[in-house]
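Everything numeric here is computed off the predicted structure, so don't read it as measured data. Just so you know, ligand 1 is whichever comes first in the structure, and atom 1 is the first atom listed for that ligand. Atom set for the values below is all heavy atoms of this structure, side chains included, hydrogens, waters and symmetry mates excluded.
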Amino acid sequence: MQHTTSTNALVDAFSNIVGREHVLVEGEAHEDFKDPYWKEDSQKFQPLFVVQPANVEEVQETVRLANELEVHIWPSSAGRNYGYGGSAPLVSNSIVINLRRMNNVLEINEEDGFALVEPGVTFFKLFTELREYEIDLMMSVPDIGWGSVVGNSSQHGYGYTLNGEHAEAIVGLEVVLPTGELLRTGHGAKSNSPMWQRHKRAFGPAIDDLFKQSNFGIITKMGVKLEPSPEKMTVGLVWYDGDDLEPFLTKIKSLVQNDIIQGVPVLFDSPRASDVDKPIQELFHRAEAGNLRHATRWALRVSIYGPGEVVEVKEKLLREAFADLELITIDLSTYDGDISPEQVDDVEHLVPVGMPTMLLLDQARATFGEDMGHIEFAPRVQFDADEYLTVAAKIQDKAHSNGLFVDILTGLHKKSIVMFGMIYFDRGNEEQIKTAHRIVHELVNEVGELGYTEYRGHLSIMNDVAKGFDFNDHALHKFYTTIKDAIDPKGILSPGNHGVWPSNFED
Ligand SMILES: Cc1cc2nc3c(=O)[nH]c(=O)nc-3n(C[C@H](O)[C@H](O)[C@H](O)COP(=O)(O)OP(=O)(O)OC[C@H]3O[C@@H](n4cnc5c(N)ncnc54)[C@H](O)[C@@H]3O)c2cc1C
C-alpha cells in the first residue's frame, strides 16, 4: 500500500480531528512510543507519528481517516508494553493511535465487583480510585503498575491476586472496528441491558476473545472483574534450597489445584552462580545483590485470601505440605484486607496484596543500569517438573552460552504453567540486542519442537510464533486471515499483529 500523502499533510489531516497538540511528531513525547529496548538507528518498528484521541468519536474519525488515506495505524493504551515492543508498530511508518488521554474509570460497582475503564486507565489509577472512594474491592496488578488495564489484559497479561489471569477477567468490551463502526460485545450489544459487566456471554457466538492479541478492532471500553477485599491476606515466600525440583513442584501443584494457595503463585528459578561459566558469574552475583535472584535455588511466591479463619487453616495446610521436605524456609506475613501500601512491611508483598508498584523495573535498572533492556521468551508448558526443567534448561543454556543473563519467573495455574524468561541486555549495545532477539527466535523453534508455544511475544517474533500453529495446514491462521480480509482487507489496523495479515497485504 503506497502512501500518496506527505507526512506533513498526514499530520495536518489527523490534527484536524484531535488538535495539533495531540499529534506527537518528534522529540521526547514521540520517543516514548518507540520500542524502548530496540536498536536506536533501526528502520524497523518505527512509528511515523503519534495521534492521541480524547474520546470514542475521535477514535472512530481517526480510523475512518486512516482508511480514506490508506495509512496503517497501530493502537496502544498506556504504551508501556516493555519487553514486547512497547507502543511500537510492527510495520514501520504506521501511525500510533495512543489512548492515554482516554483515562476515565467510568464505573465501579462495589456490590457486583466490576469496573468499566477506558484504555488509558493504568493499574495505579484504578487502585487510586478504589482507595479514594473507599471501595471494598481488591484488584490484580502486574509486577509493574504503570501499564494500562486494557493494554495489559488485551495482551493476555498477568497479575497475581485472584483474577490474575487478566484476559479471563475481562467482562464486556466496546470496540471500534477497522471500518470505524462501534460495537459492544455480549450483553453490551443490547442497548438497555444492565448485564454488560455482569455476565460475559449473551446470545450467539461470544467474540470478546477475537479482540485480544488481535488487529480486529480498537478497544475503547473494557469491563474488568474485581473481587471483594478479603478480610485477611497471607502472602510471602517459600524458599527451597534443594536441587531436585520434583518433590517441591509436586507439593506446589497439589496446593494450587486444591485452592490452598491462590491467585497466580510464582516460582523463581535461581541457578547457582557456580553452575554457570565464568563470564556470566559476575552477572549472577550482580543480579543477586540487586534482588533479581533469590539466594536459594528455588523460591515460591504464595498468597492466601479470605476470611481470617479460612486463611489460618490454609496457612497451616501450606506449612504441613512442606513439613517433610528439607531445606525449606517459609516466610509469610498476614495483613488486613484494607491495609494501605505504607502498612505493608515488605515491598515485595505489594503485588500479591494487589497494590501497584514499579519495584521490579526499579530493581532491574538498579542492577543492570539505566541502559538495561530485556526481551521475554514466555512459553506455556505442562505443570510437570521434567517438562519445566527441559524448557528452562533450553532457555538458560541459550542465554548463558551467549553471554546474557536470563531470569525465569513462572506463573502457576491449575493445569499449566507459564514461564516468563526475561533475557536482559544492554540497550546501548547493538550486538547484545541482536543476540537477544536471535536467541528468542531460536527458542521459538526449539521449544516449538516440544509442542509448546509462547503466550505472548515481541513484535520481532510474532510471525514465527504464529507459523507454529500448523494443524491441518494452518487452518486456524487461515480463519484469522478470512476474518481480516472481510473486515480490513487493506490491513489498515495493526497489520501483522500476532501474525495476522490480510491475504493481499501491500506495505
Ligand atoms: C520489569 C517488567 C515487569 C513486567 N511485569 C509484567 C507482569 O507481571 N505481567 C504482565 O502482564 N506484564 C508485565 N510486563 C510487561 C508490560 O510492562 C505490561 O504488560 C504492561 O502492562 C503492558 O503495557 P500497556 O498496558 O501500556 O500496553 P500497551 O503498550 O498500551 O499495549 C500493548 C499492545 O496491546 C495492543 N493494544 C493496546 N491497547 C489496545 C486497544 N485499546 N485496542 C486494541 N489493541 C490494543 C497493541 O498491540 C499494543 O501494542 C513487565 C514489563 C517489565 C519491564
Side-chain angles (χ1 to χ4, degrees), residues 32-37 45 47 50 53 56 59 63 73-90 94 96-100 102-103 117-126 140-161 164-167 170 173-178 210-222 264 266 292 301 351-352 356-368 372-376 378 407 409 411 418 420 422 424 455-459 462 493-498 500:
D32 213 16
F33 298 93
K34 294 181 169 180
D35 179 353
Y37 303 149
F45 313 137
V50 182
V56 178
V59 176
V63 172
I73 51 177
W74 185 280
S76 72
S77 290
R80 303 290 188 196
N81 202 19
Y82 285 31
Y84 301 99
S87 195
L90 196 148
S94 299
V96 168
I97 310 300
N98 176 259
L99 306 176
R100 273 186 203 171
M102 294 168 61
N103 62 355
V117 298
E118 290 188 326
V121 173
T122 63
F123 290 94
F124 276 113
K125 172 138 187 183
L126 182 55
S140 167
V141 297
D143 265 319
I144 53 176
W146 65 351
S148 59
V149 177
V150 168
N152 178 282
S153 309
S154 72
Q155 294 309 292
H156 300 179
Y158 276 93
Y160 304 94
T161 64
E165 194 169 4
H166 291 161
I170 296 174
L173 294 175
E174 180 185 86
V175 179
V176 173
L177 295 174
L210 286 178
F211 300 106
K212 302 175 194 166
Q213 293 198 345
S214 100
N215 50 18
F216 298 156
I218 300 181
I219 299 166
T220 46
K221 291 185 182 66
M222 177 183 278
V264 181
V266 176
L292 282 188
R301 186 164 82 186
V351 167
T357 160
M358 294 299 288
L359 183 67
L360 187 55
L361 187 59
D362 292 344
Q363 282 174 336
R365 285 178 173 160
T367 304
F368 294 121
M372 176 282 303
H374 65 89
I375 181 170
E376 308 295 308
D407 188 21
L409 302 79
V418 56
F420 313 112
M422 295 175 75
Y424 287 92
Y455 92 102
R456 183 177 177 191
H458 188 275
L459 298 170
M462 284 179 176
L493 182 61
S494 308
N497 196 353
H498 288 81
V500 180

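In terms of the salt bridge (Lys or Arg N to Asp or Glu O under 4.0 Å) criterion, D362 has no residue partners (sequence neighbours excluded). With sequence neighbours left out, K34 forms a side chain to side chain contact (heavy atoms under 4.5 Å, CB included) with E31, Q46, P47. Take E174 and apply the salt bridge (Lys or Arg N to Asp or Glu O under 4.0 Å) test, not counting sequence neighbours, and it matches R184, K221.
Sorted by chain and number, the residues within 4.0 Å of ligand 1 by heavy atom are W74, P75, S76, S77, A78, G79, R80, N81, Y82, Y84, G86, L99, P142, D143, I144, G147, S148, V150, G151, N152, Q155, G157, Y158, Y160, G217, I218, I219, L360, L361, H374, M422, R456, N497.
Checking each of H458, Q155, R456 against N81 for a side-chain hydrogen bond (donor to acceptor under 3.5 Å, both in side chains) leaves exactly one that passes, namely R456.
Aromatic ring centres of Y82 and W146: separated by under 6.0 Å. Checked against the 6.0 Å centroid criterion, the rings of Y37 and Y424 do not qualify as a close aromatic pair.
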